[in-house]
Colleague: 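Before I ask anything, here is the structure I am working with.
Every chain is numbered from 1, with letters handed out A, B, ... down the list of sequences.
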Protein chains: 2
Amino acid sequence: MSNRKKRMTKQRKTILRVLKHTKIHPTADWIYEAVKKEIPNISLGTVYRNLNVLAEMGKISVLDFGSTYSRYDGNPANHYHFICEKCGKIYDIDHPLFDIIEKEINETSEFQVNNHRLEFYGLCPDCQTKN
Amino acid sequence: MSNRKKRMTKQRKTILRVLKHTKIHPTADWIYEAVKKEIPNISLGTVYRNLNVLAEMGKISVLDFGSTYSRYDGNPANHYHFICEKCGKIYDIDHPLFDIIEKEINETSEFQVNNHRLEFYGLCPDCQTKN
DNA sequence: CTATTTGCAAACGCTTTGCCTGATT
DNA sequence: AATCAGGCAAAGCGTTTGCAAATAG
């Protein structure tokens, strides 16, 4: 799948160009509507397929977990998560980075930060040793 | 909705207890299966409803992105995002925190961090002034 | 040529909701 | 008694997929 030859069809090119020329981090549907102005009979399925292909090729990136499951956490206090890329387990990370990070952004940008969310990806201790 | 009186039913209590006693950040379905061992005729809808109520009450937290839509980004390079809580716009934040943050966690925990994801929430410049 | 891609529509899978009965205060 | 919660099943909704026709290389 990932190592097959990719064609640069009119649809794929247009989707990529539209996405490269906006800063609003659009949804698939927004892209669909935008591309439809050039290719009126394009289908939403094609947009989704191409967005996935383009992400696979590393030309764009996807924000969000799509339609995966929500996870629930019995601890309502602010803390970070570590997600193991091998076994999929989610761990809590207690580290006092909160204040530092928000202070830093508040001081170096015009944004007013009220909250943030930070997730780490990598290998958990178990998966580092096993194999 | 949020300010109505909440009853602590057997179902709600059990769901909360099960969630408080695990560290695996389970999915709704996992919770459903676990609670079913105590309340065999509980329904999945009840689990979802109660998870939402418990989150509203601040007793648990939900790990997802609030929105069900995926967002696409024409910039595949690593960067952070700022999401305005008022107008919903998503902005890029370019700040050289990447190396510092990963180094910090790599040095103070047994996790091997390969990547991370950081999002800020608050008010964008426009929404700070426009009352 | 022929493997990839498209358009269409149906299927998917997680989550929410409507309705009515049952439980709680 | 009045209100809130539960069970069940169907609907919602963004996303994926199967298939025949179209097309890039």
Side-chain angles (χ1 to χ4, degrees), chain A residues 1-19 24-57 59-73 88 90, chain B residues 1-19 24-57 59-73 88 90:
Chain A
M1 196 55 135
S2 330
N3 39 358
R4 289 225 196 94
K5 194 175 9 172
K6 302 293 182 191
R7 292 177 181 168
M8 268 316 217
T9 59
K10 179 180 49 165
Q11 288 87 341
R12 188 164 296 164
K13 270 187 231 167
T14 308
I15 290 167
L16 182 58
R17 176 167 42 75
V18 162
L19 191 47
I24 70 162
H25 306 81
T27 61
D29 203 65
W30 186 97
I31 296 166
Y32 171 57
E33 292 300 332
V35 173
K36 212 156 53 167
K37 287 172 188 160
E38 294 185 44
I39 310 172
N41 66 324
I42 194 171
S43 78
L44 186 54
T46 298
V47 172
Y48 274 108
R49 252 184 307 231
N50 277 307
L51 288 169
N52 289 337
V53 170
L54 290 167
E56 234 179 51
M57 297 194 298
K59 289 187 182 294
I60 66 171
S61 60
V62 186
L63 292 70
D64 217 318
F65 288 135
S67 57
T68 50
Y69 300 77
S70 284
R71 300 290 205 125
Y72 297 87
D73 190 337
I90 302 178
Chain B
M1 197 56 135
S2 328
N3 39 358
R4 289 223 197 95
K5 194 173 16 173
K6 301 294 181 193
R7 292 174 181 168
M8 268 316 223
T9 60
K10 179 180 50 168
Q11 287 86 343
R12 189 163 296 163
K13 270 187 231 167
T14 308
I15 289 168
L16 183 57
R17 176 167 43 73
V18 162
L19 191 47
I24 69 161
H25 307 80
T27 62
D29 204 66
W30 186 98
I31 297 166
Y32 171 58
E33 292 300 332
V35 172
K36 213 155 55 167
K37 288 172 188 159
E38 292 183 46
I39 310 173
N41 67 322
I42 195 172
S43 78
L44 185 55
T46 297
V47 171
Y48 273 108
R49 251 186 304 236
N50 276 306
L51 288 169
N52 288 338
V53 169
L54 291 167
E56 234 179 53
M57 298 195 297
K59 288 185 182 296
I60 67 171
S61 59
V62 186
L63 289 72
D64 72 2
F65 284 83
S67 163
T68 46
Y69 297 83
S70 285
R71 299 291 205 125
Y72 298 87
D73 191 338
I90 301 178

Colleague: Rounded to the nearest angstrom, tell me the gap between atom CD1 in Ile42(B) and atom C1' in dA23(C).
Modeller: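 Interatomic distance, CD1 of Ile42(B) to C1' of dA23(C): 14 Å.
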
Colleague: Please tell me if Asn50(A) has a side-chain N or O lying less than 4.0 Å from either OP1 or OP2 of dT5(C).
Modeller: no

Colleague: Roughly how far apart are Asn50(B) CG and Tyr72(A) OH, rounded to 0.5 Å?
Modeller: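 Answer for the CG-OH pair, Asn50(B) versus Tyr72(A), is 11.0 Å.
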
Colleague: Enter the distance from Leu19(B):CG to Ile24(B):CD1 here, rounded to the nearest 0.5 Å.
Modeller: 9.5 Å

Colleague: Side chains of residues 33-45 of chain B: which donor-acceptor partners sit under 3.5 Å, not counting sequence neighbours?
Modeller:
{"from": "Glu38(B)", "atom 1": "OE1", "to": "Arg17(B)", "atom 2": "NH2", "distance (Å)": "2.8"}
{"from": "Glu38(B)", "atom 1": "OE2", "to": "Arg17(B)", "atom 2": "NH1", "distance (Å)": "3.2"}
{"from": "Glu38(B)", "atom 1": "OE2", "to": "Arg17(B)", "atom 2": "NH2", "distance (Å)": "3.4"}
{"from": "Ser43(B)", "atom 1": "OG", "to": "Thr46(B)", "atom 2": "N", "distance (Å)": "3.3"}
{"from": "Ser43(B)", "atom 1": "OG", "to": "Thr46(B)", "atom 2": "OG1", "distance (Å)": "3.1"}

Colleague: At under 4.0 Å, does any side-chain N or O of Gln11(B) touch on OP1 or OP2 of dA23(C)?
Modeller: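 No, Gln11(B) has no side-chain N/O under 4.0 Å of OP1/OP2 on dA23(C).
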
Colleague: Please report, rounded to the nearest Å, how far the P atom of dT6(C) is from the OH atom of Tyr32(A).
Modeller: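 Taking OH of Tyr32(A) and P of dT6(C), I get 14 Å after rounding.
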
Colleague: Taking side chain to side chain donor-acceptor pair (under 3.5 Å) as the definition, give me every residue that meets it alongside Arg49(A), ordered by chain and number, with sequence neighbours left out.
Modeller: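 Counting only residues at least two positions away or on another chain, Arg49(A) forms no side chain to side chain donor-acceptor pair (under 3.5 Å).
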
Colleague: Starting at CD1 of Ile15(B) and ending at P of dG6(D), how long is that distance when rounded to a whole Å?
Modeller: 7 Å

Colleague: Polar pairs (N or O, both sides) under 3.5 Å between protein and nucleotides 20-24 of chain D?
Modeller:
{"from": "dT23(D)", "atom 1": "O2", "to": "Arg7(A)", "atom 2": "NH1", "distance (Å)": "3.2"}
{"from": "dA24(D)", "atom 1": "N3", "to": "Arg7(A)", "atom 2": "NH1", "distance (Å)": "3.3"}
{"from": "dA24(D)", "atom 1": "N3", "to": "Arg7(A)", "atom 2": "NH2", "distance (Å)": "3.1"}

Colleague: Return the value, rounded to whole Å, for the distance between atom CG of Leu44(A) and atom P of dC13(D).
Modeller: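 Taking atom P of dC13(D) as the reference, CG of Leu44(A) is at 15 Å.
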
Colleague: What is the separation between atom CD on Glu56(B) and atom C1' on dC4(D), rounded to the nearest whole Å?
Modeller: 14 Å

Colleague: To the nearest 0.5 Å, tell me how far Leu54(B) CG sits from Ile15(B) CD1.
Modeller: 7.0 Å

Colleague: Could you list the protein-to-nucleotides 17-21 of chain C atom pairs, N/O on both sides, closer than 3.5 Å?
Modeller:
{"from": "dG18(C)", "atom 1": "O6", "to": "Arg49(B)", "atom 2": "NH1", "distance (Å)": "3.2"}

Colleague: How many whole angstroms separate atom NZ of Lys6(A) from atom P of dT2(C)?
Modeller: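 Answer to the nearest Å: 21 Å.
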
Colleague: I need the CD-P distance between Glu38(B) and dG6(D), as an integer number of Å.
Modeller: 15 Å

Colleague: What is the distance from CZ of Arg12(A) to C1' of dA3(C), rounded to the nearest Å?
Modeller: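 That distance rounds to 13 Å.
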
Colleague: Nearest to the Ser43(A) side chain among dT15(D), dA5(D), dC8(C), which nucleotide is it?
Modeller: dC8(C)

Colleague: On DNA chain D, compare the nucleotides closest to Asn52(A) and Asn41(B); which residue's is nearer the 5' end?
Modeller: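 Residue closer to the 5' terminus by nearest nucleotide: Asn41(B).
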
Colleague: So Trp30(A) and Val18(A), side-chain contact (heavy atoms from CB on, under 4.5 Å) or not? Walk me through it.
Modeller: CA-CA 10 Å; Trp30(A) 186 97; Val18(A) 162; 3.9 Å; yes

Colleague: Roughly how far apart are Lys59(A) NZ and Arg12(A) CZ, rounded to 0.5 Å?
Modeller: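 The distance works out to 10.5 Å.
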
Colleague: Roughly how far, to the nearest 0.5 Å, is CD of Gln11(A) from CG of Leu16(A)?
Modeller: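 It comes to 13.5 Å.
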
Colleague: Could you pull out the closest heavy-atom pair between Met8(B) and Lys13(B), with the gap in Å?
Modeller: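 Minimum heavy-atom separation between Met8(B) and Lys13(B): O-CE, 3.2 Å.
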
